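Structure record follows, encoded as structure tokens.
Reckoned from all heavy atoms, side chains included, excluding hydrogens, waters and symmetry mates. A quick note: this is a predicted structure, and the numbers were derived from the prediction, not measured.
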Amino acid sequence: MRLFFVSLALLVACAQMAPQGASAGLGGTSWQLLKFQGGDGAVLTPDDKSKYTLAFGADGVMRARIDCNRAQGGWKSAGPNRLEFGPMAITRAQCPPGSMHDQIIRQLPHVRSYVTKDGHLFLSLMADGGIYEFEPVR
């Protein structure tokens with residue numbers, strides 16, 4: 001019974017995060033992580049970019065692979081280049097040392113804007129916290 005209510009809460013959260021209008025431009029796209037550049041200038045790159053992917057559904061649901069885990073939750077774009085993620089359901093396997101999993105899970109809720117440039121997607125964290133750079137999944 002508890003699982004039913006958790007699933008119901010996730011569905012309600014995803015519905016509330018549905019993209020607002022086609023201006024989002026991200027619906028139906030999939031991306032893999034190239035690097036993260038922190039506000040302090042530090043650069044982190046994944047050991048395997050295919051282990052870090054985001055897929056933006058036109059239905060307002062984002063599905064992700066974050067190293068050894070999977071995540072799913074709502075996303076919305078309230079205006080040009082604006083982006084927010086809603087609550088996410090995330091598997092909790094312990095990833096190997098050097099994984100970017102913990103950082104990404106902690107920072108995704110702080111994404112506030114995006115831009116696409118030269119075929120890449122850049123997600124910016126609030127307060128100049130850093131920028132994630134993705135390329136299209138091929």
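For the atom pair CG of Leu33 and CG of Asp67, the computed distance is 11.0 Å after rounding to the nearest 0.5 Å. A distance of 13.0 Å separates NZ in Lys51 from CD1 in Ile66, rounded to the nearest 0.5 Å. The distance from atom CZ of Phe56 to atom CG of Leu121, rounded to the nearest 0.5 Å, is 6.0 Å. Phe134 contributes atom CZ, which lies 10.0 Å from atom CD of Gln32 (distance to the nearest 0.5 angstrom). Distance check: Cys68 SG to Gln94 CD gives 8.0 Å after rounding to the nearest 0.5 Å. Atom CG of Leu34 and atom CD of Glu135 lie 4.0 Å apart (nearest 0.5 Å).
Side-chain contact between Arg92 and Ile105 is present, with heavy atoms from C-beta onward closer than 4.5 Å. Between Tyr114 and Ser124, every side-chain heavy-atom pair lies at or beyond the 4.5 Å cut-off. Using a 4.5 Å cut-off on side-chain heavy atoms (C-beta onward), Thr116 and Thr29 make no contact. For the pair Asp102 and Cys95, the minimum side-chain heavy-atom distance is 4.5 Å or more. Gln72 has its side chain out of reach of Met88: every pair of non-hydrogen atoms, C-beta onward, lies at least 4.5 Å apart.
Under a cut-off of 6.0 angstrom, the local environment of CG in Asp128 is sparse, with at most 12 non-hydrogen atoms contributed by other residues, nucleotides or ligands.
Side-chain heavy-atom separations under 4.5 angstrom define the hydrophobic clusters, and the remaining members of the one that includes Val115 are Phe122, Ile131. Under a 4.5 Å side-chain heavy-atom cut-off, the cluster of Ile, Leu, Val, Met, Phe, Trp and Tyr residues that includes Val43 has no other member.
For Ser99 against Tyr52, the heavy-atom pair with the smallest separation is OG-OH, 3.4 Å. Nearest heavy atoms, Phe85 versus Leu108: CD1-O, 3.4 Å. Taking all atoms of both residues into account, the shortest heavy-atom contact from Met62 to Trp75 is N-CD1, 3.6 Å. Of all non-hydrogen atoms in Leu44 and Met100, the two that sit nearest each other are CB-CE, 3.9 Å. Smallest separation of non-hydrogen atoms from Ala55 and Ser30: CB-OG, 3.5 Å. In terms of heavy-atom proximity, Gln107 sits nearest to Leu125 at O-CD2, 3.4 Å.
Between the Arg82 side chain and the Arg112 main chain, a donor and an acceptor come within less than 3.5 Å of each other. Put simply, the side chain of Thr91 gets close to the backbone of Arg70: a donor and an acceptor are under 3.5 Å apart.
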Intermediate values then yes/no, side chain to side chain contact (heavy atoms under 4.5 Å, CB included), Leu26 and Leu54
CA-CA 10 Å; Leu26 292 176; Leu54 301 177; over 6 Å; no
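The ring pair (Phe, Tyr, Trp, His ring centres under 6.0 Å) search around Tyr132 returns Phe36, not counting sequence neighbours.
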